[in-house]
Amino acid sequence: MPGDIAERLAHAWQGIVWYLREISGEARYDHYLEHFATEHPGETPMSEVEYLRAREAYDRLHPNTSCCC
């Protein structure tokens with residue numbers, strides 16, 4: 001019984017960590033790597049630093065205009 005509770009807590013914690021990484025944007029690089037591996041097999045993806053710089057540059061050039069503010 002105690003192992004069952006520990007498993008449930010561990011599973012809940014993993015879900016919380018996943019959710020926080022998704023809403024904070026921290027998981028974007030992981031998603032990029034998954035997409036890159038599928039779409040460009042055999043090629044070398046950008047490093048995390050390169051990816052973050054490219055993402056930042058893209059965001060600067062393409063501001064989010066969907067907000068009504």
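At most 12 non-hydrogen atoms from other residues, nucleotides or ligands lie less than 6.0 angstrom from CZ of R53.
Remark: the backbone N or O of F36 is not paired with any side-chain donor or acceptor of H40 at under 3.5 angstrom. The backbone N or O of M46 lies less than 3.5 Å from a partner atom in the side chain of Y32, making a donor-acceptor pair.
To the nearest 0.5 Å, atoms OG (S24) and OH (Y19) are separated by 10.5 Å. W18 CH2 to W13 CH2: the interatomic distance, rounded to the nearest 0.5 Å, is 15.5 Å. The structure places CZ of R28 at 10.5 Å from CD of E22, a figure rounded to the nearest 0.5 Å. We find the NE2-NE2 distance between H35 and H31 to be 12.5 Å, quoted to the nearest 0.5 Å.
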TODO: Take E26 and L20, measure what side chain to side chain contact (heavy atoms under 4.5 Å, CB included) needs, and give me the verdict at the end.
DONE: CA-CA 8 Å; E26 187 179 337; L20 291 174; over 6 Å; no

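Here the shortest heavy-atom pairing between S47 and E50 reads N-OE1, 2.7 Å.
In the hydrophobic cluster analysis, where Ile, Leu, Val, Met, Phe, Trp and Tyr join through side-chain heavy atoms closer than 4.5 angstrom, L52 is grouped apart from Y58.
H11 is listed as a side-chain neighbour of Q14, based on a closest heavy-atom distance under 4.5 Å.
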